[in-house]
Participant: 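Structure incoming, see below.
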Amino acid sequence: MTDPVGKLPSELDQLPDRDPEETAEWAASLDAVTQAAGPHRAAYLMRRSLQHAEGAGLALPKLLETDYVNTIPTAAEPAFDGDLEMESRITAWNRWNAAAMVTRGARYGVGGHIATFASAAWLYETGFNHFFRGKEGDGSGDQLYIQGHASPGIYARAFLDGRLSERQLDNFRQETGGDGLPSYPHPRRLPWLWEFPTVSMGLGPLSAIYQARFNRYLANRNIKDTANSHVWAFLGDGEMDEPESTAALALASREQLDNLTFVINCNLQRLDGPVRANFRVVQELEAQFRGAGWNVVKTLWGNAWDELFQLDTTGALLRRLREVPDAQFQTYATRDVAYIREHFFGAEPALAELAKLLTDAKIGECFYTSRGGHEARKVYAAYRAAVEHKGAPTVILAQTVKGYTLGKGFESKNANHQMKKLSIDEFKGMRELLGLPIPDSAFEDGLVPYGHPGADSPEVRYLQERRAALGGPAPARRVHAVALPQPEERAFKALYKGSGKQEMATTMAFVRLVKDLMRDKETGKRWVPIVPDEARTFGMESLFPSAGIYSPLGQTYDPVDRDQLMYYKEAKDGQILNEGITEAGAMADFIAASTSYATHGETMIPFYIFYSMFGWQRTGDQMWQLADQLGKGFIVGATAGRTTLTGEGLQHADGHSHLIAATNPASLNYDPAFAYEVAVIVKDGLRRMYGPEAENVFYYLTVYNEPKPQPAMPEGVEEGIVKGLYRFKEGTPAKADAPRLQLLASGTAIHWALEAQELLAADWGVTADVWSATSWGELRRDALEADEALLRGEQQVPYVTQALSGAPGPVLAVSDWMRQVPDQISQWVEQDWSSLGTDGFGLSDTRAAARRHFGVDAQSIVVASLAQLARRGEVPASAVKEARERYGL
């Protein structure tokens, strides 16, 4: 609804106006300026007034968008702390070698990306020379999230620094020989250099935010002083379209992570063309980050633009810059000056008059090369502003030209992301532009040469001196001792002895175990519980008052349940990371915690518990990132399976996570049936991940919400639990020649198999042995290793083959997962094989009805067992039909 004069109502209409006459005078003044000097002048005055009010500390809404100019004027730039000429020569060598490496690799068809680093070279070089702390100084150094497509430039700098050889550069993207370089930042492939895998776009910015947050977590819990660690995330403007890129901006602002800086390379191009062809991505990003509470620094124009802005006495240039879409600006960078005069400056008379004062050379310099991201002083000023800003994270929007210095065939071309090489003539042109002393004779073999000024050259000495002052080489990964003392046996023994008549789900068993382990004097503080707002679902509320929920502000309110035993307690040194409804955020937490042994030299034991359906299915890409980053810890898919979640239905019913998890070589996947199995697996996981011979693996456990009496652990089953299979209950034959078979079951299915064992014996005279298959995946991994050994001429029998060797009758495998999960091991089982599973979509119903629907309940197992035996002639075929009728199938 509008008021009588047609104006939309405002929130101001709800506030009392104690002096309406004064308010009217202000409005009249604005009207007068509009009429006398035009709407542009009036808008300018309003913006300046708001900026002044913000600086004065008045409580006003912030401007979400500022003019398309640099945040830091040239006159306000701090003194440059370095030798600009020397740094220019270093940057030139790095540009050359990055392009040479990719071009030489094109001979073998391995490709690579040239244009990204060409645009971002000064963004990295300025950081390496002045800001990025290394790991050989005090503390942990800075954490650098390098843009994946810029990796050739980082390799080029490491080559100049003496950390890489020409041979290694020539093996870019050729790793099988053992002396190659991975295409992108891959810690698992080059663990002494790379810390953070970033090329799965969107995951870098998300992880950087949670890494900065985890740094504060370590400090607030008095585990590690991280005051001197700054997180730098280098991103592309196109990458910011990924939802993960901006998913946690509010978190970073809310927790005042001023130890975090995003550097977004705004070259206005993504992989196939402009990022915002009809719009302006820089302005969009500014509004997005300002709205989320970030400090925004725009570094758009180089010094050549200063003259243009000084001549712009009417504001026409600023207006034109605000309205030109990105795709058009990209076109200006590729067209002649006459085109720019006509299409940019010809837009209005004031601009045309301004253009008459400019030479063609000046216009060409401004529109072809002069960008803030290409000038060291501009970048230095932005970085200095970022590290000195307190109370909020900073984003630097640095405008560049994609393909800068690579020649007209590359610069600003839509296809330059896919262009993998330069011609010899293009390299010679680049040589002249960069001023490099590379003779023509160096090209005689038809290959572009690498360039190096010499190990004792002024450039290399300068580079190394700067890095020494900042704490050593960067990027660099350092692995510190991981080993932790094994926790006391008491916590595990509580589950070994079972629950007696008391019913307990394996989800609760895991939570109880970890709660006891968190009390351990030596390692208890190392546990990092992570949960995405489902702690009460998993029975974890008992941890709230004892461990506390982490919050950098502590608890600034009186909790509604303060008078209860298990009240909601937040604390600055809280141990639990309760992330809200964000599985992606929780996984980013887990990655930061699981790699703290390398990032900070502090070994942590994270466990992340979630609805199993929302793990591998929703955040599987991050789990690959975890593996790549060599993370360790326990990922727990709780309330697992497809038939144990009564009422939840299709979207929550998980029948396939173990299949997805099996594709990840670093993931050790277990589906325990009993509480004691959970204890044995966790104990072995602590040994393998945190013992003296720590492995770069992580554990995935599925646990269930179905309460059952938990049996005591039988003797001698520990090895079978860890390896994936052991006989839990042997059948007792009613007579010597009774038909026999083997029932293999995992997770909650063990209970259906045990019931089927009784029915087979009582109703059909069939003997069944019941086996607990704690890990179909580990059985398969072991069998694959045995197959590989055979190829080397070594005799090795898979564990599953050994375990079932000589077991009489066929094998029937059953689980709460789709049949492909147990079928992973079928080829290594010598007996006749069959399986049952929950293939298809989930549904809402009782557990019994759901199991009957999928054909995995005890009666269905009996019928499937009889069918197997009938095919072998060991029971009459009529028994199958009779059983179906008896059980109502």
Side-chain angles (χ1 to χ4, degrees), residues 10-12 43-73 76 123 202 204-206 208-209 212-213 230-268 275-276 279-301 318-319 321-326 372-373 378-379 381-400:
S10 163
E11 72 278 2
L12 294 177
Y44 173 80
L45 289 176
M46 289 299 298
R47 291 200 304 273
R48 288 303 297 263
S49 297
L50 284 171
Q51 289 174 347
H52 179 78
E54 182 179 340
L58 298 182
L60 288 174
K62 293 184 178 180
L63 285 172
L64 294 186
E65 185 179 321
T66 61
D67 283 321
Y68 204 66
V69 295
N70 294 347
T71 303
I72 305 171
L123 302 181
L206 180 68
I209 290 173
R213 196 275 197 97
H230 198 89
V231 177
W232 300 82
F234 288 84
L235 317 167
D237 47 1
E239 180 178 6
M240 300 310 293
D241 284 349
E242 288 285 2
E244 294 89 349
S245 295
T246 55
L249 297 186
L251 167 71
S253 172
R254 186 168 64 246
E255 299 204 0
Q256 301 180 354
L257 298 180
D258 50 25
N259 60 339
L260 170 67
T261 298
F262 276 16
V263 181
I264 303 181
N265 179 16
C266 298
N267 56 35
L268 312 186
V275 180
R276 291 290 182 272
F279 305 93
R280 289 157 297 282
V281 70
V282 169
Q283 300 300 85
E284 178 182 316
L285 290 173
E286 178 185 28
Q288 194 168 16
F289 278 87
R290 281 184 179 274
W294 286 52
N295 175 45
V296 179
V297 177
K298 293 196 291 191
T299 302
L300 308 179
W301 310 112
L318 290 183
R319 291 195 297 273
L321 289 174
R322 284 202 301 268
E323 68 188 19
V324 174
D326 287 351
K378 303 289 186 189
V379 177
Y383 287 7
R384 179 62 60 196
V387 298
E388 292 178 355
H389 186 82
K390 301 302 177 185
T394 294
V395 59
I396 295 169
L397 303 175
Q399 188 158 274
T400 66

Participant: Show me the donor-acceptor pairs within less than 3.5 Å that the side chains of residues 252-265 make with the rest of the protein, sequence neighbours left out.
Facilitator:
| from | atom 1 | to | atom 2 | distance (Å) |
| --- | --- | --- | --- | --- |
| Ser253 | OG | Ala292 | O | 3.0 |
| Ser253 | OG | Gly293 | O | 3.3 |
| Glu255 | OE1 | Arg213 | NE | 3.3 |
| Glu255 | OE2 | Arg213 | NH2 | 3.4 |
| Asp258 | OD1 | Arg216 | NH2 | 2.5 |
| Asp258 | OD2 | Gly391 | N | 2.8 |
| Asn259 | ND2 | Ala212 | O | 3.1 |
| Thr261 | OG1 | His230 | NE2 | 2.8 |
| Asn265 | OD1 | Thr400 | OG1 | 2.6 |
| Asn265 | ND2 | Ser119 | OG | 2.8 |

Participant: What residues, two or more places apart in sequence or in another chain, satisfy side chain to side chain contact (heavy atoms under 4.5 Å, CB included) together with Asn295?
Facilitator: Val297, His389, Thr394
Participant: I'd like to know whether Ile396 forms a side chain to side chain contact (heavy atoms under 4.5 Å, CB included) with Val296, so could you lay out the CA-CA distance, the side-chain angles of the two residues, the decisive distance to 0.1 Å, and finally the verdict.
Facilitator: CA-CA 6 Å; Ile396 295 169; Val296 179; over 6 Å; no
Participant: Compare every heavy atom of Ala398 with every heavy atom of Leu123, then report the nearest pair and how far apart it is.
Facilitator: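 Closest approach of Leu123 to Ala398: CD2-CB, 3.7 Å.
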Participant: To the nearest 0.5 angstrom, please state how far the CZ atom of Arg322 sits from the OG1 atom of Thr66.
Facilitator: 10.0 Å
Participant: Should Lys378 and Tyr383 count as side-chain neighbours, where that means a heavy-atom distance under 4.5 Å?
Facilitator: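 SC-SC contact between Lys378 and Tyr383 ruled out.
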Participant: Got a donor-acceptor contact below 3.5 angstrom from the Trp294 side chain to the Leu249 backbone?
Facilitator: yes
Participant: With Trp232, which residues qualify under side chain to side chain donor-acceptor pair (under 3.5 Å), at least two apart?
Facilitator: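 If we apply the side chain to side chain donor-acceptor pair (under 3.5 Å) test to Trp232, skipping adjacent residues, the hits are Asp142.
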Participant: Considering only heavy atoms from C-beta outward, does the side chain of Leu321 approach that of Asp67 to under 4.5 Å?
Facilitator: no
Participant: Applying side chain to side chain contact (heavy atoms under 4.5 Å, CB included) between Leu397 and each of Thr299, Val282, Val281, report the one that passes.
Facilitator: Val282
Participant: For residues 234-247, tabulate all N or O donor-acceptor pairs below 3.5 Å that involve a side-chain atom, not counting sequence neighbours.
Facilitator:
| from | atom 1 | to | atom 2 | distance (Å) |
| --- | --- | --- | --- | --- |
| Asp237 | OD2 | Asn267 | N | 3.3 |
| Asp237 | OD2 | Leu268 | N | 2.7 |
| Glu239 | OE1 | Gly236 | N | 3.2 |
| Glu239 | OE2 | Gly202 | N | 3.1 |
| Asp241 | OD1 | Arg276 | NH1 | 3.2 |
| Asp241 | OD1 | Arg276 | NH2 | 2.6 |
| Asp241 | OD2 | Arg270 | NH1 | 3.3 |
| Asp241 | OD2 | Arg276 | NH1 | 3.3 |
| Ser245 | OG | Glu239 | O | 2.8 |

Participant: Per the salt bridge (charged side-chain N to carboxylate O under 4.0 Å, His left out) rule, what does the pair list look like for residues 286-295, sequence neighbours excluded?
Facilitator: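 Of all non-adjacent pairs touching residues 286-295, those that pass salt bridge (charged side-chain N to carboxylate O under 4.0 Å, His left out) are Glu286-Arg290, Glu286-Lys298.
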Participant: So how far is it from Leu300 CG to Cys266 SG, rounded to the nearest 0.5 Å?
Facilitator: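 If we round to the nearest 0.5 Å, Leu300:CG and Cys266:SG are 7.5 Å apart.
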Participant: With rounding to the nearest 0.5 angstrom, report the CD to CZ distance, Glu284 to Phe279.
Facilitator: 8.5 Å
Participant: How close do Leu206 and Ala248 get, counting heavy atoms only, and between which atoms?
Facilitator: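 Minimum heavy-atom separation between Leu206 and Ala248: CD1-CB, 4.0 Å.
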Participant: With sequence neighbours left out, write down each residue that passes side chain to side chain contact (heavy atoms under 4.5 Å, CB included) with Leu45, or none if nothing qualifies.
Facilitator: Val33, Arg41
